[in-house]
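Beneath this line is the structure, given in structure tokens, with notes to follow.
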Amino acid sequence: MLYNFKEIEEKWQRFWQENSIFKAKHSPEKKKFYCLEMFPYPSGKIHMGHVRNYTIGDVYSRYQRQKGYEVLHPMGFDAFGQPAENAAIKNKTKPDDWTHKCIEWMKVELKKMGFSYDWERELSTCDSSYYKWNQWIFLKMFERGLAYKKASGVNWCPSCSTTLANEEVIEGECWRCHSPVEQKELEQWYLKITEYKERLLEDLKQLDKWPPRVIAMQSNWIGKSQGTEIYFRLKDSDKVITVFTTRADTIFGATYVVLAPEHPLVKEIIRGRPQEKEALTFIERVSQESKISRVKEDVKKEGVWTGAYCINPVNREVILVWIADYVLMEYGTGAIMAVPAHDQRDFLFTKEHNLPMRIVIKSPGHQVTRSPEEMREAYEGDGLQVNSGEFDGLANQEAKIKIAQWMEKEGMGKIVTHWRLRDWLISRQRYWGTPIPIVYCPKCGIVPVPYEALPVELPEDAPFTGEGGSPLGKVKEFVDTVCPKCQEKARRETDTMATFFDSSWYFLRFCSPQDENNPFDVKEAKYWMPVDQYIGGIEHAILHLLYSRFFTKFFQDLGMIDFHEPFKSLLTQGMVLKDGEVMSKSRGNIVDPDSIIQKYGADTLRLFILFAAPPETELEWDDRGIEGAFKFLNRLWRIQDNLKEKADLQVYRALHKAIKKVTADIEEFKFNTAIAGLMELVNAIYQSGADKEVFSQLVVLISPIAPHFSEELWQGLGHSESITRAPWPRADESLLTEENITIVIQINGKHRGTIVVSKDIAEEELKQRCLNEPGIKKWIEDKPAKKIIVVPGKLVNIVI
RNA sequence: GGGCAAGUGGUGGAAUGGCAUACACGACAGACUUAAAAUCUGUUGGCUGCAAGGUCGUGAGGGUUCGACUCCCUCCUUGCCCACCA
């Protein structure tokens, strides 16, 4: 007979809700545990990725609760964003209605999985009670000069008709719709995340419970590099071109200088020269090109001569000034010194345009660097300096430092630290987001909305079509306002905030989600924060985690919290695949969690998804595997019908072995082997039977994984309290040590047999026993043992 | 081009210096059954052997070690992230 999962799961979900079993209480006498999974975008349906993410978090939360911690395990919705606008256009509804409907559907599905959330703390970022505090945070940043407005070339997605952050441009394409991204000049709001770059980099060292690859990704993104700025004075002018290089050792080989087409000096340099027209045409063409072609094609490097010359400060040589598309304004100073002999990009450009080249570093043995004519590619390796004045003969790594110091002393340049991290562009020309709380007054200029006037609410209706400009700009009653300073007529900012703003501090809001006076209650945050365990997808390794760390440091500077990192420990779970590919709508290989729940129940789904692979690796979906998980639960279920008065000692041993293994494995998120341990215990019980005590303990061990199932069995065993209150079992070490142990015998490292001996056997006696073992003697014959290695309790290796 | 993972039976995976393949899926066989399903019990890396056993075997090659899936070096393959980054 199969267990009735449908009835049982509904019954216990109702019980948990009615008795507020998972309510998190601020209990100063108890140690807390804050377990958080990345909150979802409410698309309406949960997918297997959610199931995996939230099952991992749920097992861990339930386990910590049974270990005696006061657990905070909240859930909410990252509810602003573009899909709601698209859906609204398609279905002729309001984004607000669509989003709230989706949240309701999604909650039903999450509850069906039996996740142990404290639903009283639920929040949605699209509610004004939440986004009011986005505006509050923005104003605090504005006051401190951390939110500022700047006109600049921005990444523009023509299809979404909105700006994109650098982080949202993937290989020149929009991260959302994959359209080629264009450049556009706009007035935009930025957050000065660069103000925190040192701390964001430095504090990575303390995150010892984060995956090393995430640390590496963040560190690369912040991108600190040491280098030198070098000043090239224009010939017959006092203008100076500043270039950035990490290879000061190659300065004597700089044979020309290249500017980015957008470089501010370009127009001035070419003015009135014969080359002006050609150069302008070139600049025009490059600016028309989307970033995609400038970045993707690494073959053609195009450029033109400006007609101007400048002077290499180290050797007074007069060299050409060029413009080329492969030099980017966004990086460094927007200008480079070209060292064709020792930089591959410069080398290719030089060959293309027949420019001069000089070797200044000799490769060992000189094979590669005999002469410029013979070189097939740039030599980027180490070697000895040549053609470098007084630095000739030095190893280039040493020369790099000496030359930089010398240039700094002589005023030819400056040693600088360069960062890759840019300020964060948060303006979006979208409706469904947090309005930026700013008013433009003809008299007073940019005026922040006063705190007491928050929230600036989103108007219910806006004519958004998905095309052109900010939809809020078309809502007259929203735009028209009075200046908070002078009470004259003024207009509101019509851009909204990027949704990453919303998710950069939601973990703090969960500490006191109903607080009406502050973004979060300082005392509550002091108790619950930081998050002890954070779980989510690797795709958020850079953006979301970096922004959250930035906000946390900002709150620390406001004096609202006394820690500087939000997430103590981080787990990044792997993707769910079907037939070796990521599950996605376009591939049509989606397995709907709800259909699995219908067929096998949530406990089976939870069990399978944990058993099929370790959390951090990819998981291959397998229909037969889910069948196996279901069979196992039924096999365990049947034990209750055949309980003995007293189980054998070996079953007790098996139980305590399982307790030890399951506990250790859950601590390390090795759920797959924890379940294997439970299966071994069940197999042992099928060999010689269980009694009530053994079975009870087994049910507690599996309760974080299959909670409904365990509650039902627990009640059947006569317990009146919920199993979520049952303390986690402790392994009895005395039952784990055996009287007799099996020792492996090796000869020259090869496995040749085993021997069973008392666990207290003396080393000498053990050696003799092994040498005299009949199966071993034939291998030794009369050869003397050169050496005998004994690993206590495990093995003996006889070397002959 | 740079960085980080990973590569083990028919399949998912286990073992992080000490019996390679735990646990499961699949397959095969037996018990129960009129029969099937379900359930229970076995067997299940390759080669060789009637058997006991032997021998090979963790992407390839080398090294360290009494002993290597595990550590080191070189290479190959796959995945992920970053990238005209000066």
Side-chain angles (χ1 to χ4, degrees), chain A residues 1-2 170-171 211-221 223 225 227-228 230 243-247 250 254 258 260 294-301 324-328 330-339 342-346 348-349 380 418-420 538-539 541-542 572 574-575 577 580 608 611-614 616-629 631-632 634-635 638 661 670 672-680 682-683 686-687 742-754 775 785-791 793-800:
Chain A
M1 202 189 68
L2 300 175
I170 316 291
E171 289 189 10
R213 53 187 296 222
V214 175
I215 303 273
M217 282 160 81
Q218 293 232 340
S219 173
N220 288 341
W221 191 261
S225 64
T228 313
I230 303 174
V243 308
F244 175 76
T245 181
T246 53
R247 293 290 307 271
T250 64
V258 191
R294 257 182 91 179
V295 173
K296 256 191 177 173
E297 293 169 26
D298 45 0
V299 268
K300 254 209 196 134
K301 300 187 190 310
D325 59 357
Y326 76 98
V327 177
L328 305 177
E330 299 91 73
Y331 192 77
T333 58
I336 63 156
M337 60 177 201
V339 186
H342 306 292
D343 180 286
Q344 184 61 13
R345 286 160 311 166
D346 297 342
L348 292 173
F349 192 79
E380 296 182 338
H418 179 72
W419 301 79
R420 189 183 171 280
I538 188 77
E539 66 273 20
I542 297 175
T572 50
M575 297 208 190
L577 310 179
F608 168 71
F611 183 58
E616 301 212 65
T617 63
E618 291 176 336
L619 184 151
E620 175 68 28
W621 181 265
D622 180 7
D623 288 321
R624 286 186 302 225
I626 191 105
E627 194 88 34
K631 275 191 202 165
F632 172 67
N634 278 295
R635 188 169 153 89
R638 280 189 292 271
K661 180 165 179 58
K670 289 155 75 176
N672 55 335
T673 52
I675 292 166
L678 289 171
M679 287 172 168
E680 280 180 79
V682 168
N683 289 343
Y686 268 80
Q687 290 297 324
T742 305
I743 299 285
V744 172
I745 306 175
Q746 292 183 339
I747 301 205
N748 291 341
K750 263 191 165 22
H751 176 230
R752 291 299 182 194
T754 58
K786 267 199 259 173
K787 198 171 169 186
I788 301 176
I789 287 145
V790 179
V791 182
K794 272 188 180 159
L795 117 171
V796 174
N797 187 15
I798 302 163
V799 185
I800 55 174

Counting only Watson-Crick pairs (N1-N3 plus N6-O4 or O6-N4) and G-U wobbles (N1-O2, O6-N3), all under 3.5 Å, who is the partner of B/U70? none

Calculate the interatomic distance between A/Ile743 atom CD1 and B/G18 atom C1'; express it in whole Å. 11 Å

Report the distance from atom CD of A/Gln746 to atom P of B/G18, rounded to the nearest whole Å. 11 Å

Pairwise C1' distance for B/A14 and B/U21, with rounding to whole Å: 7 Å

Tell me which of A/Glu627 and A/Arg752 sits closer to the 5' end of RNA chain B, going by the nucleotide each one is nearest to. A/Glu627

Nearest to the side chain of A/Lys631, which nucleotide is it out of B/U41, B/C82, B/C25? B/C25

What integer distance in Å separates A/Met575:CE from B/A6:P? 17 Å

Report yes if some heavy atom in the side chain of A/Ile230 is under 4.5 Å from a heavy atom in the side chain of A/Met337; otherwise report no. yes

Heavy atoms from other residues, nucleotides or ligands near CE of A/Met575 exceed 12 (cutoff 6.0 Å): no

Whether the side chain of A/Gln344 and the base of B/G1 hold a donor-acceptor pair under 3.5 Å is what I'd like checked. no

Indicate, with a heavy-atom threshold strictly under 4.0 Å, whether A/Asn683 touches base, sugar-phosphate, or nothing. sugar-phosphate

Please tell me if the side chains of A/Phe611 and A/Leu678 come closer than 4.5 Å, counting only heavy atoms from C-beta onward. no

Report the distance from atom CH2 of A/Trp419 to atom P of B/C82, rounded to the nearest whole Å. 20 Å

Rounded distance in Å between the P positions of B/U16 and B/A83: 37 Å

Just label B/G45 as syn or anti from its O4'-C1'-N9-C4 or O4'-C1'-N1-C2 angle, using within 90° of 0 for syn. anti

Both A/Val799 and A/Tyr686 contact RNA chain B. Taking the nearest nucleotide for each, which residue is further toward the 5' end? A/Tyr686

Selection from B/C66, B/C81, B/A83 that lies nearest to any side-chain heavy atom of A/Arg420: B/A83

Of all residues at least two apart in sequence or in a different chain, which pass the side chain to side chain contact (heavy atoms under 4.5 Å, CB included) check with A/Arg635? A/Arg638, A/Val682, A/Asn683, A/Tyr686

Complementary nucleotide of B/C50, counting Watson-Crick and G-U pairs under 3.5 Å: none

Annotated protein contacts, base or backbone, on nucleotides 10-15 of chain B with a non-hydrogen cut-off under 4.0 Å, one of B, S, - each: --BSSS

Are A/Lys670 and A/Asn672 side-chain neighbours, meaning at least one heavy-atom pair lies under 4.5 Å? yes

Angle class for the A/His418/A/Phe244 ring planes (parallel below 30°, perpendicular above 60°, tilted otherwise)? tilted

Looking at A/Leu795, A/Val744, A/Asn797, A/Ile745, which one forms a side-chain contact (heavy atoms from CB on, under 4.5 Å) with A/His751? A/Val744

Kindly say if A/Arg638 contacts the phosphate of B/C40, meaning a side-chain N or O under 4.0 Å from OP1 or OP2. yes

pair_partner(B/G79), Watson-Crick or wobble, both distances < 3.5 Å, evaluates to B/C4

Is the shortest side-chain N/O distance from A/Arg345 to OP1 or OP2 of B/C85 below 4.0 Å? yes

Go through B/C19, B/C85, B/C82 for me and flag the one nearest to the A/Ile542 side chain. B/C82

Determine whether A/Ile675 and A/Phe608 make a side-chain contact, defined as any pair of heavy atoms from C-beta on separated by less than 4.5 Å. no

If you measure from the C1' atom in B/G12 to the same atom in B/G30, how many Å do you get, rounded? 27 Å

Rounded C1' spacing from B/G57 to B/A5 in Å: 25 Å

Answer whether the closest heavy-atom distance between the side chains of A/Asp346 and A/Ile336 falls below 4.5 Å. yes

How many Å lie between CZ on A/Phe632 and P on B/A38, as a whole number? 19 Å

With a 4.5 Å cut-off on side-chain heavy atoms, are A/Ile798 and A/Arg752 touching? no

Between B/C72 and B/C82 - P atom distance, rounded Å: 27 Å

Taking a pair as Watson-Crick or G-U wobble with both distances under 3.5 Å, which nucleotide is matched to B/A20? none

Phosphate contact (B/G42 OP1 or OP2) by A/Gln687 side-chain N/O below 4.0 Å: yes

For A/Ile789 and B/A68, what is the distance between atoms CD1 and P respectively, to the nearest whole Å? 12 Å

Spacing of the C1' atoms in B/C32 and B/U78 (rounded, Å): 48 Å

Take atom CE of A/Met679 and atom P of B/C23, then tell me their distance rounded to the nearest Å. 10 Å

Among B/C82, B/C19, B/A86, find the nucleotide with the atom closest to the side chain of A/Trp221. B/C82

Taking atom C1' of B/C82 as reference, at what distance in whole Å does atom CZ of A/Arg213 sit? 12 Å

For nucleotides B/U70 and B/G62, find the distance between their P atoms and express it as a whole number of Å. 14 Å

Could you measure between the two P atoms, the one in B/A38 and the one in B/G13, and give it in whole Å? 26 Å

Residue-phosphate contact under 4.0 Å: A/Asn797 side-chain N/O, B/U65 OP1/OP2: no

So which nucleotide does B/G30 pair with, by the Watson-Crick or G-U wobble rule with both distances under 3.5 Å? B/C40

